[in-house]
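What follows is a short report on a single structure.
For this chain, numbers begin at 1 and follow the sequence in order. The shown structure was predicted, so the numbers you read here are calculated from the model rather than taken from an experiment. Order of appearance sets the numbers: ligands from 1, and atoms from 1 within every ligand.
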Amino acid sequence: MPTVTFESSDGAIKKTVDAPDGGSMADLCDDHEAPIPFSCRSASCATCHIEVLEGAESLVPPESEELDVLDSIDSKPPKYRLACCAKLKPGAGTLRVRAQNDY
Ligand code: FES
């Protein structure tokens, strides 16, 4: 079961949770009130932009709509992702992400 640590953009708020085997980062954030801001939830606004500090291999590679938004803000995976699009792989692992926008 992956362990995910969410950090606010200033690093002041940290929350570590056990994740289900696979699944959406957005649902995980909602379920645990993670300090990651969301707006559109559909790969258009980049409010949910996150930096992957550790464990990028725990995430399923991004699809084209996420890549388009990341490209538009000059961010490249695997270091940067959109939390509304990212999905966790099943299995063990440690993932640590930091919000790039204020919560
Ligand atoms: S919430 Fe708008 S791109 Fe993720």
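- Among all protein heavy atoms, the one lying closest to atom 1 (S) of ligand 1 is R41 N, 3.1 Å.
- With distances taken over non-hydrogen atoms, the option nearest atom 2 (Fe) of ligand 1 out of C48, S44, C45 is C45.
- In plain terms, the two heavy atoms of A99 and P37 that are nearest each other are CB-CD, 3.9 Å.
- Short contacts between ligand 1 and S39, defined as distances under 4.0 Å to a heavy atom of the residue, involve ligand atoms 1 (S).
- Contact annotation: for A83 versus ligand 1, there are no heavy atoms closer than 4.0 Å.
- Inspection of the D102 and S9 side chains reveals an N or O donor paired with an N or O acceptor under 3.5 Å.
- The nearest pair of heavy atoms linking R41 to A26 is NH1-CB, 4.0 Å.
- Every atom of ligand 1 with a heavy atom of C40 under 4.0 Å away is listed here by number and element: 1 (S), 2 (Fe), 3 (S).
- Annotation for ligand 1: atoms under 4.0 Å from non-hydrogen atoms of A46 are 2 (Fe), 3 (S).
- Between F6 and R96, every side-chain heavy-atom pair lies at or beyond the 4.5 Å cut-off.
- L82 and H49 make their closest contact through CD2-CA, 4.1 Å (heavy atoms, listed as atom of the first residue, atom of the second, distance).
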